[in-house]
Q: 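For reference, the structure I am asking about is given below.
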Amino acid sequence: MLSSLKDPPALRRDVLASLVVFLVALPLCVGVAVASGVPAELGLITGIVGGLVVGAMPGSTMQVSGPAAGLTVLVFEAVREFGLGALGAIVLVTGLLQLALGALKFGRWFRAISVAVVQGMLAGIGLVLLFGQLYTMAGVKQPRSGIDKIAGVPGLIGDVVSDRDALVSFAVGAGTIAVLVLWKKLPAKAQLVPAPLVAVALATGVTALGGLNVAHVKVQGLIEAIQPPGLNDLTSLAGVAVLGTVLAFTLIASAESLFSAAAVDRMHDGPPTDYDKELLAQGVGNTICGVLGALPMTAVIVRSSANVQAGAKTSLSRILHGAWLLLFAVMLPAAIGVIPLAALAGVLVHAGCKLVPFKDLAPLWREHRGEAIILAITAVAIVTTSMFEGVVLGLLLAVVKSAWETSQVSADVRELTDGRMVVALTGNATFLRLPRLLDTLEALPQDRPIELDLSDLRHLDHACRTALEVWAARHNAEGVEAVRVRHQEVVTAA
């Protein structure tokens, strides 16, 4: 950052990049907050902390932090179940856990999380966000569960067709989505202005000039929106349900931030991310957001990529973007109140669609079918149950898949000239492969001398060793030499 201050051209690039990131972040901060069921200002507070605090810390130079669409569903459920006051306590403990994980050098280990699980997590979030915000676009209260959101779509269509106000509101949201989609087809110079800002600004102008009867964002002021957690909120963390939510926040926020860092590193040729320091930075940011009662933060790929594409060279751009958010929130708070809710819902429907990796599904199915299945099951589980349960199921499936693929064992059966049969096992013999292995061994004749050679096994777990010893002791018929077992060139009678 200091080098940028001493280099006027670099300073100019960072300042311009910060303005672009600010324009991208502004509608997303407000939209994520509204979709999460909290005051719009809380999204801005998280964006400000992400810029001024996390932006100034070491870790990743280019990625930008703030409220993310990926946590919207989880925050919404947490606020509905535990109350707005408990949100600050949950985010505070999430930040403290991230600080502990960063201090213990766990940052690099988050890269070991299966990509299929992360993609499935984001796809599940995207589906719930997409279908949920369709109701907000129409000005209709959305159902509680993910299944109900999807099942209620036919009824929603009926409401939009039969109710003029719902139709107008939905048209505003649909128009916002159309602008977001079509903006990418315009010349590069036009795209220097961020699509979300243009879409929301156009929707706001159309509703104001046309006098349309649509719901708008409620504004209560930056200071008034801050609600630090009280003692009762902190003591509520002892509950099992709250702890599960805290773990889900920690896992998802950390994984999304570090996966985002890996993606951003591929976009620029600057210093690579220090994952442990980045996790510490995220922990500091979430701790402060928790104290202020704001939304949780993660590194956000949309803002980060905009930062890189706008020509940023140092962390100054992300710090300045936080300063612009602060100035806007202090000097122009009333501007938030003229934004139609349907327009923000349209932005989030578009964001939800982008979270679902439609283009990657077919190639993934062809090349890595098991990964595609894990992705799909994780996404469906999140939609049908909850975020935490879906992610845990995905992680368990990934571990089982890895264990299954790792535990490859083969049995080579050959007959010697003296009639003795030798069975040589190679690979990793675990309980997962035991049924097929025993089927092979039990099919051997019981009236022939048999030698079981285990010397080339890389791994033999306790369950498999016990089962093989039992088979060796019982297999040969009475009067036939007992099965002999060779361990690492040492032959012992069973």
Q: Would you say N307's side chain and A312's backbone share a donor-acceptor pair under 3.5 angstrom?
A: no

Q: Would you say the side chain of V140 lies within less than 4.5 Å of the side chain of D163, judging by non-hydrogen atoms?
A: no

Q: How far apart are the closest heavy atoms of L42 and A225, and which atoms are they?
A: CD2-O, 3.3 Å

Q: Would you say that C464 contacts L437 through its side chain, given a criterion of any heavy-atom pair below 4.5 Å between the two side chains?
A: yes

Q: Hey, are the side chains of Q408 and R433 touching, using non-hydrogen atoms and a 4.5 Å cut-off?
A: yes

Q: Is S402 reaching over with its side chain to a backbone N or O of A398, donor-acceptor style, under 3.5 angstrom?
A: no

Q: Do the non-hydrogen side-chain atoms of L295 and V38 ever get within less than 4.5 Å of each other?
A: yes

Q: Determine whether H350 and V181 make a side-chain contact, defined as any pair of heavy atoms from C-beta on separated by less than 4.5 Å.
A: yes

Q: To the nearest 0.5 Å, how far apart are CG in L222 and CD1 in I336?
A: 8.0 Å

Q: Which pair of heavy atoms, one from A40 and one from V34, lies closest together, and at what distance?
A: CB-CG2, 4.2 Å

Q: Closer than 3.5 angstrom, by distance alone: can the side chain of K277 be matched with the main-chain N or O of P58 as a donor-acceptor pair?
A: no

Q: If you take all heavy atoms of V32 and A68, which pair is closest and at what distance?
A: CG1-O, 3.7 Å

Q: Please answer whether the main-chain N or O of V64 pairs with a side-chain N or O of S304 as donor and acceptor at a distance below 3.5 Å.
A: yes

Q: So if I apply the side chain to side chain contact (heavy atoms under 4.5 Å, CB included) rule between T61 and each of S317, P272, P271, which one comes out positive?
A: P271

Q: Quick check: closest heavy atoms across L425 and A411, and the distance to 0.1 Å?
A: CD2-CB, 3.5 Å

Q: Apply the test side-chain contact (heavy atoms from CB on, under 4.5 Å) to residues K141 and Y135: give CA-CA distance (whole Å), side-chain angles for both, the deciding distance (0.1 Å), then the verdict.
A: CA-CA 6 Å; K141 183 179 179 181; Y135 294 87; over 6 Å; no

Q: Answer whether the closest heavy-atom distance between the side chains of V409 and T426 falls below 4.5 Å.
A: no

Q: Got a sec, which residues hit side chain to side chain donor-acceptor pair (under 3.5 Å) with E278, two or more places apart in sequence or on another chain?
A: Q63, Q282

Q: Could you state the interatomic distance from CG (L44) to CZ (F328), rounded to the nearest 0.5 Å?
A: 7.0 Å

Q: Step by step, would you call C353 with L130 a side-chain contact (heavy atoms from CB on, under 4.5 Å)?
A: CA-CA 7 Å; C353 289; L130 188 161; 3.2 Å; yes

Q: Can you tell me how far NE2 of H368 sits from CD1 of I373, rounded to the nearest 0.5 angstrom?
A: 13.5 Å

Q: Evaluate side-chain contact (heavy atoms from CB on, under 4.5 Å) for N428 paired with L457, printing each intermediate quantity in order.
A: CA-CA 6 Å; N428 298 296; L457 281 177; over 6 Å; no

Q: Taking the side chain as everything from C-beta on, heavy atoms only, tell me whether V284 gets closer than 4.5 Å to V54.
A: no

Q: Should L316 and L320 count as side-chain neighbours, where that means a heavy-atom distance under 4.5 Å?
A: yes

Q: Run the side-chain contact (heavy atoms from CB on, under 4.5 Å) test on V347 and L28 for me, step by step, so that the C-alpha distance in whole Å, both residues' side-chain angles and the decisive distance to 0.1 Å come before the verdict.
A: CA-CA 8 Å; V347 171; L28 291 176; 3.7 Å; yes

Q: Can you tell me if R303 uses its side chain to pair, donor with acceptor, with the backbone of A25 under 3.5 Å?
A: no

Q: As an exercise, state the distance from CG of L19 to CH2 of W324, rounded to the nearest 0.5 Å.
A: 6.0 Å

Q: Between M137 and S169, what is the shortest heavy-atom contact and its length?
A: O-OG, 2.5 Å

Q: Check T378 against V117 and note the closest heavy-atom contact, atom names and distance.
A: CG2-O, 3.9 Å

Q: Are a donor atom and an acceptor atom from the side chains of D461 and T430 found within less than 3.5 Å of each other?
A: no

Q: Taking atom CG of L52 and atom CE of M57, what is their separation to the nearest 0.5 Å?
A: 13.5 Å

Q: If you look only at distance, which donor and acceptor atoms sit under 3.5 Å apart when one is on a side chain in residues 76-101 and the other is two or more places apart or in another chain?
A:
| unit_1 | atom_1 | unit_2 | atom_2 | d |
| --- | --- | --- | --- | --- |
| E77 | OE2 | R80 | NH2 | 2.8 |
| R80 | NH2 | R144 | O | 3.2 |
| T94 | OG1 | I90 | O | 2.8 |
| Q98 | OE1 | N286 | ND2 | 2.8 |
| Q98 | NE2 | S254 | OG | 3.0 |

Q: Out of curiosity, I147 CD1 to K149 NZ, how far, rounded to the nearest 0.5 Å?
A: 11.0 Å

